[in-house]
Amino acid sequence: MNMEETKYLTFALTKGRLAGQTLSLLEEIGITCEEMKDKASRKLVFVNEALKLKFFLAKGPDVPTYVEYGAADIGVVGKDELLEEGRRLYEVLDLGFGKCRMCVCGPAEAKALLTHHEMIRVASKYPVIAKDYFYNKKHQTVDIIKLNGSVELGPIVGLSDVIVDIVETGSTLRENGLEVLEEICPLSARMIVNQVSMQMETERIREIILKLRNQLEA
Ligand code: PRP
């Protein structure tokens, strides 16, 4: 293929914890972006001219949005954001890092509140996941309160009875006198692809998926 005619493939990566691991994995299959390593840079979009690739970092919940609308062809994001956002896109690969669990957490005493279909208050950064779990899986009507972070505060200051949140090491819970009461689902980083890009750039995207899969299995 004539590289001059090749269009850029754009990656939307999740800022923060997942970014470093994503870049290392991409580097292992020869996809590098030197520009991105310059910590002092205020640039938002990074380019690898030789490979005709572009990269940008976005907040987790926004990654599926960029991919659904085709502003990015490929994304790397936590399964939690995919479940919460419910966007139309292809989830093509479990990248195996960023492993954690979505759980119902609270003080030990709150466990009883989960067994008798009581009307309780649930605080979460993930209202869609919380609602689906309580309404559709447990058939328990609850009051869901959306928070934007430090959700563990909910039961501590008396805003909610329990929380639905991500648990990785469990240390945030332990240090705040809370525990996992029920597990909702396991989570990890996923590669996602725009549905039109998958049809238009099948070969290039399939090659990336294949290389990543082989690298993950190695
Ligand atoms: C996440 C999550 C928990 C914590 C879990 O929060 O919401 O608070 O990490 O990790 P642990 O089990 O290893 O302690 P994050 O640090 O992303 O910040 P936030 O609470 O402001 O969302």
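We count ligands from 1, going down the list as the structure has it; atoms in each ligand are counted the same way. Fair warning: this is a prediction, and the values are worked out from it, not measured in the lab.
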Compute the shortest N/O to N/O distance between Gly170 and ligand 1 and return yes if it is under 3.5 Å, no if not.
yes

In this structure, atom 3 (C) of ligand 1 is nearest to the protein heavy atom Glu152 OE2, 3.2 Å

Starting from atom 7 (O) of ligand 1, find the nearest protein heavy-atom neighbour and note its residue, name and distance.
Asp165 OD2, 2.8 Å

List ligand 1 atoms under 4.0 Å from Val167, heavy atoms only on the residue side.
12 (O)

Test item: side-chain donor near acceptor, Glu49 and Tyr8, under 3.5 Å
yes

Do the two ring centres, one from Phe11 and one from Phe55, sit under 6.0 Å apart?
yes

Please determine whether a side-chain nitrogen of the Lys or Arg among Glu91 and Lys79 lies less than 4.0 Å from a carboxylate oxygen of the Asp or Glu.
yes

Let me confirm one number: the CG-CD distance from Leu212 to Glu207, rounded to the nearest 0.5 Å.
10.5 Å

In terms of residue, atom name and distance, what is the protein heavy atom nearest to atom 22 (O) of ligand 1?
Lys125 NZ, 2.5 Å

closest protein heavy atom to atom 5 (C) of ligand 1 is Ile166 O, 3.4 Å

Nearest protein heavy atom with distance in Å, relative to atom 4 (C) of ligand 1
Thr172 OG1, 3.7 Å

Of all the non-hydrogen atoms in the protein, which one sits nearest to atom 11 (P) of ligand 1, and at what distance?
Thr169 OG1, 3.3 Å

Is the shortest distance from atom 18 (O) of ligand 1 to a protein heavy atom below 4.0 Å?
no

Looking only at protein heavy atoms, identify the closest one to atom 16 (O) of ligand 1 and say how far it is in Å.
Arg17 NH2, 2.6 Å

Do the charged groups of Arg206 and Glu203 touch, with an N to O distance under 4.0 Å?
no

How far is atom 20 (O) of ligand 1 from the closest protein heavy atom, and which atom is that?
Ser150 N, 3.1 Å

Above 12 or not: heavy atoms from other molecules or residues under 6.0 Å from NZ of Lys146?
yes

I'd like to check whether Asn148 has a polar contact with ligand 1, where a contact means an N/O of the residue lying under 3.5 Å from an N/O of the ligand.
no

Any salt bridge linking Glu182 with Lys137? Criterion: basic side-chain nitrogen under 4.0 Å from a carboxylate oxygen.
no

What atoms in ligand 1 come closer than 4.0 Å to a heavy atom of Ser171?
12 (O), 14 (O)

ILVMFWY cluster, Leu153 and Val162 together (side-chain gap under 4.5 Å):
no

Distance-only side-chain donor-acceptor flag, Ser197 / Asn194, under 3.5 Å
yes

